[in-house]
Amino acid sequence: MTPSPLFLSVDIGTGSCRAGLFDVLGRMLATARRDITTFNPEQDYYEQSSEEIWNRALETMREALQEQDPARVAGLSFDATCSLVFLDRFGNPLSI
């Protein structure tokens, strides 16, 4: 019998990155959360590290999947309320 598919969801907000793993009935099987650092170098100026955000996304996904076979993941949802930068392997910005 083939194991049922799983669905992985990632949500990146202003202060943290969260991941949830769900079965086909929508039951949450696992969650993970990591804080994201916000830098405030001067008044009314805030920034975050895109590298840190992507690392937190990977960490939360791995943690949510640690007790499951990743090959069972049939779908991934991804939501980010922050501004993210996509970079190529040389560190250059990519248009998406």
Side-chain angles (χ1 to χ4, degrees):
M1 185 162 126
T2 303
S4 62
L6 301 174
F7 302 92
L8 185 60
S9 178
V10 178
D11 178 34
I12 299 177
T14 303
S16 66
C17 177
R18 296 154 308 268
L21 186 66
F22 300 87
D23 67 12
V24 294
L25 298 176
R27 293 181 293 219
M28 189 180 319
L29 304 175
T31 62
R33 180 183 182 280
R34 296 286 186 287
D35 288 338
I36 296 170
T37 307
T38 299
F39 303 97
N40 180 216
E42 59 186 78
Q43 186 176 352
D44 298 326
Y45 186 85
Y46 301 92
E47 63 181 38
Q48 295 176 313
S49 164
S50 291
E51 183 175 355
E52 179 188 41
I53 290 169
W54 286 118
N55 286 336
R56 298 301 174 260
L58 292 172
E59 291 167 8
T60 58
M61 288 187 283
R62 286 182 185 125
E63 183 178 332
L65 284 166
Q66 70 184 356
E67 295 183 18
Q68 302 291 338
D69 178 4
R72 290 179 57 198
V73 175
L76 171 68
S77 69
F78 195 92
D79 179 58
T81 56
C82 56
S83 297
L84 293 178
V85 176
F86 290 85
L87 304 174
D88 66 16
R89 63 187 169 127
F90 303 108
N92 299 312
L94 292 171
S95 176
I96 57 168

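Heavy atoms only: backbone and side chains are in, while hydrogens, waters and symmetry mates are out. Note that the coordinates shown come from a computational prediction; the quantities given were computed from them, not determined experimentally.
- Closest of all the heavy-atom pairs between Leu8 and Ala64 is CD1-CB, 4.2 Å.
- The number of heavy-atom neighbours closer than 6.0 Å to CD of Glu51, taken from other residues, nucleotides and ligands shown, is 12 or below.
- Put simply, the residue from Arg34, Arg56, Arg33, Arg18 that forms a salt bridge (Lys or Arg N to Asp or Glu O under 4.0 Å) with Glu63 is Arg34.
- The CG atom of Asn55 sits 7.5 Å away from atom OG of Ser49, with the distance rounded to the nearest 0.5 Å.
- Between the side chain of Asn40 and the backbone N or O of Tyr45, at least one donor-acceptor pair lies under 3.5 Å.
- Glu42 CD: more than 12 foreign heavy atoms inside a 6.0 Å radius.
- Atom-to-atom distance recorded for Leu94:CG and Asp88:CG is 5.0 Å, nearest 0.5 angstrom.
- Salt bridge absent: Glu59 and Arg62 never bring a charged side-chain N and a carboxylate O closer than 4.0 Å.
- The OG atom of Ser77 sits 8.5 Å away from atom CG of Asp11, with the distance rounded to the nearest 0.5 Å.
- You'll find the side chain of Ile53 stays beyond 4.5 Å of the side chain of Cys17, heavy atoms only.
- If you chain together hydrophobic residues whose side chains sit under 4.5 Å apart, Phe78 and Ile36 fall into the same group.
- Among all heavy-atom pairs drawn from Thr60 and Ala32, the shortest one is O-CB, 3.5 Å.
- Met61 places a side-chain heavy atom less than 4.5 Å from the side chain of Leu58.
- Taking 4.5 Å as the limit, some side-chain heavy atom of Ser9 sits within range of a side-chain heavy atom of Phe22.
- Closest of all the heavy-atom pairs between Gln48 and Thr37 is CG-O, 3.3 Å.
- Closest heavy-atom contact between Asp23 and Leu6: CA-CD2, 4.2 Å.
- The hydrophobic cluster containing Ile12 also contains Leu65, counting ILVMFWY residues as joined when their side-chain heavy atoms lie under 4.5 angstrom apart, directly or transitively.
- No continuous path of hydrophobic side-chain contacts links Val73 to Met28 [ILVMFWY only; heavy atoms under 4.5 Å].
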